[in-house]
Chemist: 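Right, I'll just put the structure down here and ask away after.
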There are 2 protein chains.
Amino acid sequence: MSNSRNFEEKLRSAGLRPTRQRLEICEVLFDRKETFHFTIDGLQKILKNKLNTKISIATVYNTINSFKNKGYIKEISLNSEKTYFDTNVTNHHHFYDETTSELIDFHDSDVEHLQLRKNLPGKKIKSIEVLVKVANK
Amino acid sequence: MSNSRNFEEKLRSAGLRPTRQRLEICEVLFDRKETFHFTIDGLQKILKNKLNTKISIATVYNTINSFKNKGYIKEISLNSEKTYFDTNVTNHHHFYDETTSELIDFHDSDVEHLQLRKNLPGKKIKSIEVLVKVANK
DNA sequence: CAATATATTAGAACAATTCTAAAGTGCTTT
DNA sequence: AAAGCACTTTAGAATTGTTCTAATATATTG
């Protein structure tokens with residue numbers, strides 16, 4: 001399949017060997033049109049259903065951490081029991097639905113010229129993230 | 001002292017008995033001019049130094065959670081190992097210094113017209129938080 | 001196909017947080 | 001001020017998310 005070929009290249013370009021487990025994880029994460037938000041244990045459940053056998057939790061963590069370090073996914077700044085990740089690494093922001101615990105993207109351009117009047121001498125800005133918490137009316 | 005009287009009232013108004021432990025915690029949290037950012041174990045260390053005896057970690061957690069539920073402090077949306085709290089419950093935002101792990105407040109008015117073009121039908125906005133991550137240049 | 005470098009795994013370890021149930025304290029009624 | 005009840009504190013156990021360990025397995029290179 002051209003996809004597994006792509007994922008192989010993707011992994012190699014990041015200095016990671018294309019193992020069976022990593023390729024499966026790539027399929028779940030990147031073989032989709034839409035942005036994908038997940039937690040480690042959510043991802044592990046998906047993998048388990050997909051494969052009828054489980055990838056060890058340590059491997060899932062290791063792989064996700066490698067991807068994060070390589071910039072293939074990013075961690076979302078959201079204070080919740082579990083850590084959320086996002087396959088969308090472009091600049092964007094989130095709604096967090098407190099009723100359903102779901103995350104919904106919104107684009108930079110949905111925030112009118114977000115611009116800071118304040119800055120910190122000697123520091124450089126790494127990211128600006130807006131989190132909008134919502135709940136059922 | 002007028003402060004401990006105030007804290008007594010504050011606790012009572014929230015349906016909490018003014019115990020020795022809670023009053024000590026109030027002093028650390030609220031007896032200051034500036035906003036105070038803290039983690040549970042940071043707070044516990046401060047209390048230990050102040051008192052030369054320790055308040056059990058369960059009590060610190062319980063009290064902080066009560067205060068949070070009463071709206072006397074708020075949790076900051078920041079994905080880090082430890083949970084950060086803030087005694088400033090007004091609308092404002094944070095710089096998170098990745099080099100020093102410090103939080104610095106900035107005011108709503110330091111963000112030029114932060115306004116969302118997007119909204120979610122059936123949902124109401126609970127909060128809008130901007131997190132600016134910085135690091136040493 | 002052998003050698004070696006890297007990955008995977010189960011389970012142990014760890015850290016933050018919550019729970020439990022026993023002992024202590026604050027508050028109300030007398 | 002003593003008694004009784006409800007609420008609080010406590011130490012330690014339990015739970016949960018995450019990382020570590022070291023033995024086994026797999027991928028890559030020669």
Chemist: Between B:T35 and B:D105, do the side chains contain an N or O donor and an N or O acceptor separated by less than 3.5 Å?
Modeler: yes
Chemist: Can you tell me which nucleotide in D:dT18, C:dT18, D:dT28 comes closest to the side chain of B:N65?
Modeler: C:dT18
Chemist: If pairs are Watson-Crick or G-U with both distances under 3.5 Å, what is the dot-bracket string of DNA chain C, marking crossing pairs with [ ] and pairs to another strand with |?
Modeler: ||||||||||||||||||||||||||||||
Chemist: Within the structure shown, what part of the strands sits under 4.0 Å from B:I55 by heavy-atom distance: base, sugar-phosphate, or nothing?
Modeler: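 Sugar-phosphate, no base atom in range.
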Chemist: With a 4.5 Å limit on heavy-atom distance, are the side chains of A:K123 and B:V132 in contact?
Modeler: no
Chemist: DNA chain C: B:R20 or A:K54, which has the more 5' nearest nucleotide?
Modeler: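 Residue closer to the 5' terminus by nearest nucleotide: A:K54.
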Chemist: So, for B:H37 and B:Y84, is the gap between ring centers shorter than 6.0 Å?
Modeler: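 Here the rings of B:Y84 and B:H37 have centres that are no less than 6.0 Å from each other.
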Chemist: Rounded to the Å, how far apart are B:N79 CG and D:dG17 P?
Modeler: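 After rounding, the gap between these two atoms is 14 Å.
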Chemist: Whole-Å distance between C:dT18 P and B:N62 CG?
Modeler: 9 Å
Chemist: Quickly work out the B:I64 CD1 to D:dT8 C1' distance and round it to whole Å.
Modeler: 15 Å
Chemist: To the nearest Å, give me how far apart CD (A:E81) and C1' (C:dT17) are.
Modeler: 11 Å
Chemist: Give the rounded distance in Å between these two atoms: CZ of B:F67 and P of D:dT8.
Modeler: 11 Å
Chemist: Which nucleotide in the set C:dT17, C:dT9, D:dT10 lies at the smallest distance from any side-chain heavy atom of B:T83?
Modeler: C:dT17
Chemist: Name the residue closer to the 5' end of DNA chain D, choosing between A:R12 and B:T59 according to the nucleotide with the nearest heavy atom.
Modeler: B:T59
Chemist: Between A:I57 (CD1) and C:dT8 (P), how many Å, whole number?
Modeler: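 Distance check: A:I57 CD1 to C:dT8 P gives 14 Å.
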Chemist: Toward the 5' end of DNA chain C, which comes first, B:D41 or A:S56, by nearest nucleotide?
Modeler: A:S56
Chemist: Among the candidates D:dT19, C:dT17, D:dT8, find the nucleotide nearest to the side-chain atoms of B:T19.
Modeler: D:dT8
Chemist: Between C:dA5, D:dG12, D:dT9, spot the one nearest the side chain of A:R17, thanks.
Modeler: C:dA5
Chemist: Decide if the gap between the ring center of A:Y72 and the ring center of A:F85 is smaller than 6.0 angstrom.
Modeler: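 No, ring centres 6.0 Å or more apart.
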Chemist: Does the distance from a Lys or Arg side-chain N to an Asp or Glu carboxylate O, for A:E8 and A:R12, drop under 4.0 Å?
Modeler: yes
Chemist: Assign the ring pair A:H94 / A:H92 to parallel, tilted or perpendicular, where the plane angle (0 to 90°) is split at 30° and 60°.
Modeler: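 Rings of A:H94 and A:H92: perpendicular, as their planes differ by over 60°.
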Chemist: A quick test of your reading: do over 12 heavy atoms of other residues, nucleotides or ligands sit less than 6.0 Å from NZ of A:K50?
Modeler: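 More than 12 heavy atoms, drawn from other residues, nucleotides or ligands, come within 6.0 Å of this atom.
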Chemist: With a 3.5 Å distance limit and no angle check, can you tell me whether A:K124 reaches the backbone of B:N136 through a side-chain donor-acceptor pair?
Modeler: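 Side chain of A:K124 to backbone of B:N136, a donor-acceptor pair under 3.5 Å: yes, one is there.
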Chemist: For D:dT9, does either OP1 or OP2 sit under 4.0 Å from a side-chain N or O belonging to B:R22?
Modeler: yes
Chemist: Could you state the CG-C1' distance from A:L43 to D:dG17, rounded to the nearest angstrom?
Modeler: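 Nearest whole value for this atom pair: 15 Å.
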Chemist: Reckon B:Q21 has a side-chain N or O less than 4.0 Å from the OP1 or OP2 of C:dT25?
Modeler: no
Chemist: Tell me: OH of B:Y61 to C1' of C:dA16, nearest whole Å?
Modeler: 5 Å
